[in-house]
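Note sheet for the following structure.
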Amino acid sequence: MTAWNDLSLSAEMLSLIENAGYKAPTPVQIQSIPLVMEGFDVLVSSQTGSGKTASFVIPVVERFKGKNGTYILALSPTREIAQQTGAVFEAFGKPLGLRTVVCIGGASIPVEKEALASSPHIIVATPGRLCDHLERGNVWLDFIQCLIFDEADRMLEMGFAKQIDTITEQIPKQRQTLMFSATFAPRVEKLARSVMIDPKEVTIVKSEASTPKIEQRLLWLPEEKKMSALMRLAQDEPGTIIIFAKSKERVYQVWRSLHGKKDDVTYIHSDLNQEQREAAIAEFKSGRFRILVATDVMGRGIDVDDVAHVVNFDVPREAEDYIHRIGRTGRRGKSGHATTFAIPVRDEQGIRAIEKLRGVASPEKREYTQERPRQESRPPQKPTRAPQPEVAGEKRPAKPAFSATGPAPKLVLTLKPKVAAAPVVEKKTGGFMNWIKKLFKA
Ligand code: AMP
C-alpha cells in the first residue's frame, strides 16, 4: 500500500498532511502527485470526494514553494468550490510561505483588487470574476506557470467557455496545465486538446475502497405526487438529506412545502447573497438543519461528509449533474442513498442520458422491477394514471439497486412508467345512420 512517505514529499509537507489528519493518500493522490511534481500536464478523471483538491494542491505547493511571484492560477466553477480550494491552498501553502487570494463573484471588487496587487503566489478564481479583473486591469497573467482547471466539465456546463478562452490566451504557452473533471464529455475533451500539451492521463479504476457506496433508486411518479412522496421519504430517512430541484423557484416551492411541516429545512439558491449561502451551508453542516434544498449550481460546493440521502426532486437537465448531485452522499468511505423522482414519459430522455453516462444497461435492456402491491385486495389501478410510488414504509432493497460499487451498475426502476393507455372505445359502426333510421321509423 502506498504511504505518504512514498511520494517524495518534503518533511514539512508530510507534517502538514499529518496535521490535516490524512492518514493515507487516496488513489487519485497516489497517481497524480508524482506526475504533477515532475511538471507534466495531467488530465484527471476524478469525482468530488475522492481527495482531488489535495491531489493538485500538495504537489503544486511543493513545486513552487520558495519562489516569489504569481505562478499558480486555479479556476473553479463556483464561489463555494473556489473558497474550498482556497482554504486547502491556505492549509498547505501558507506554512510553506505561499499566499493565496480567492476572487469570486459576490465579493468586493476593490478588496480583491488590493489583494491581487500584493502579488500573491496563488490565485483561485471563478472564470467570470477573473475576467472582470482582467478587463479592469487589476491583474496580469504573464507570470502564471501552472494553470489548474478544477471541475472542468462543470465550468463548461455553466457557460464559461468564452471566459476560459479569454483567460488562457493571456497565460504563457510554456506552462503546466492540470485538468480535473468528473466526466469527459466531448466538450471537455475539446478543451483539453486546446489547452494541454501531451497530457498524462489519470483515471481512477473504481474499486470497493475508492468508490462511494451509493444505493440508487428511481421512482416514476406524476408531478402531483412528488411532494407527498418527498414528505414520506423525509419522514422515513432519519439522516441528513439534500434535495435537488431544477430552478430557484422550485427550490423555494419545495422548501415552503416541507417547512410547513418541519422546522429543520433550509435552502440555498442564487438569489441569496454570499453571506446567506454560507450561513445556510454552515447551519446544515452543524446539524441545525437536517434537510437542505438546493439548485445544481449551489449544491455543487457543499462539502459535508455525512449526507445520508440525496433526492433528485427533478431529473437533472444534464446527465453529468446526476453524478455531481449523488456525489454529495457516500463520501469518505461511508454509504449513502440517492432517490430520483422521474415523471413518466416526460423524463424518459433524461433518464436514458443518465443510464448512458453511467454505462448501465441500454434502455431496451433496462430492467423493470415491479413494485410490490400495497395490499393483496387492492383493486387494479386505473390505466389512465401513473402509479403512485411506495416511499413510506418501503424497505430499501437488500442489494443496492444501482450500486456504484458493482462492476456493471444497473438502474433498477422500482416502478414501471406507464404511458396512459388509450381508452378502449367500442366500435359502433353506423351509429349515427342507425339513429336517423330509427328516428324515421318512429
Ligand atoms: P475533495 O475530493 O477534494 O472534495 O475532498 C473530499 C474530502 O476528503 C475533503 O474534506 C478533504 O479534506 C478530504 N481528504 C482529502 N484527501 C484525504 C486523504 N488522503 N485522507 C482523508 N481525507 C482526505
Side-chain angles (χ1 to χ4, degrees), residues 1-9 13-34 36-37 42-62 74-95 100 102 122 124 148-155 178-183 202-204 206-207 209-214 240 242 281-282 284-286 297-307 310 320 323-336 404:
M1 208 177 93
T2 310
W4 285 113
N5 277 325
D6 304 325
L7 295 176
S8 312
L9 299 168
M13 184 56 85
L14 288 174
S15 115
L16 292 172
I17 291 170
E18 200 182 337
N19 290 348
Y22 298 172
K23 293 213 163 41
T26 64
V28 70
Q29 291 162 353
I30 292 169
Q31 290 201 47
S32 305
I33 290 174
V36 178
M37 297 247 284
V42 190
L43 184 56
V44 186
S45 138
S46 65
Q47 311 280 340
T48 310
S50 59
K52 66 166 168 69
T53 316
S55 84
F56 62 81
V57 167
I58 291 172
V60 161
V61 166
E62 285 283 63
L75 295 176
S76 307
T78 67
R79 302 167 191 192
E80 285 75 15
I81 296 171
Q83 283 176 322
Q84 280 163 25
T85 304
V88 181
F89 267 119
E90 277 280 302
F92 292 102
K94 199 172 170 192
T100 304
V102 177
I122 302 153
V124 182
I148 303 154
F149 292 90
D150 190 14
E151 306 207 5
D153 49 347
R154 188 67 187 172
M155 280 194 277
L178 311 175
M179 189 178 290
F180 293 76
S181 193
T183 58
V202 170
T203 304
I204 303 305
K206 292 191 165 96
S207 70
S210 68
T211 313
K213 300 176 192 77
I214 306 170
T240 48
I242 298 183
I281 291 182
F284 179 61
K285 268 187 178 177
S286 73
V297 174
M298 290 299 114
R300 205 63 199 300
I302 302 165
D303 183 20
V304 183
D305 286 332
D306 281 327
V307 176
V310 168
E320 283 96 344
I323 311 284
H324 294 304
R325 286 179 177 189
I326 69 163
R328 308 292 104 201
T329 183
R331 309 189 89 190
R332 291 216 192 182
K334 292 186 176 138
S335 58

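We count ligands from 1, going down the list as the structure has it; atoms in each ligand are counted the same way.
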Ligand-side contact atoms (ligand 1) for residue partner [X], heavy atom cut-off under 4.0 Å:
{"X": "T26", "result": "18 (C), 19 (N)"}
{"X": "W4", "result": "19 (N)"}
{"X": "S50", "result": "2 (O)"}

Worksheet item: Is the closest side-chain heavy-atom distance between V44 and L178 below 4.5 Å?
Response: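 Heavy-atom side-chain distance check fails, nothing below 4.5 Å.
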Item to complete: Check whether any side-chain heavy atom of W4 sits under 4.5 Å from a side-chain heavy atom of Q29, and report yes or no.
Response: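 Yes, at least one pair of side-chain atoms sits under 4.5 Å.
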[X] N/O under 3.5 Å from ligand 1 N/O:
{"X": "P25", "value": "no"}
{"X": "K52", "value": "yes"}
{"X": "K23", "value": "no"}

Practice prompt. Tell me which part of Q84 gets within contact of ligand 1: side chain, backbone, both or neither, using heavy atoms under 4.0 Å.
Written response: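 Within the 4.0 Å criterion, Q84 makes no contact with ligand 1.
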Worksheet item: Touching ligand 1 at all, F56? Heavy atoms, strictly under 4.0 Å?
Response: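 Contact check F56 vs ligand 1: negative.
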Item to complete: Check whether any heavy atom of A24 sits under 4.0 Å from an atom of ligand 1.
Response: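 So A24 counts as touching ligand 1.
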Practice prompt. Heavy atoms only: give me the nearest H324-D153 pair and the separation to one decimal.
Written response: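 Closest approach of H324 to D153, heavy atoms only: NE2-OD2, 3.2 Å.
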Item to complete: Report the C-alpha distance between S32 and V202 in whole Å, list the side-chain angles of each, state the deciding distance to 0.1 Å, and finish with yes or no for side-chain contact (heavy atoms from CB on, under 4.5 Å).
Response: CA-CA 7 Å; S32 305; V202 170; 4.0 Å; yes
Using atom types as modelled, flag every donor-acceptor pair under 3.5 Å from a side chain in residues 51-59 to any protein atom, sequence neighbours excluded.
unit_1	atom_1	unit_2	atom_2	d
K52	NZ	D150	OD1	3.0
K52	NZ	D150	OD2	3.4
K52	NZ	E151	OE2	3.3
S55	OG	K52	O	2.6

Worksheet entry | Contacts of E62 that satisfy side chain to side chain donor-acceptor pair (under 3.5 Å) - sequence neighbours left out |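 Once residues adjacent in sequence are excluded, the partners of E62 under the side chain to side chain donor-acceptor pair (under 3.5 Å) criterion are S10, K65.
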Worksheet entry | Working for side-chain contact (heavy atoms from CB on, under 4.5 Å), residues R154 and I81 | CA-CA 11 Å; R154 188 67 187 172; I81 296 171; 5.7 Å; no
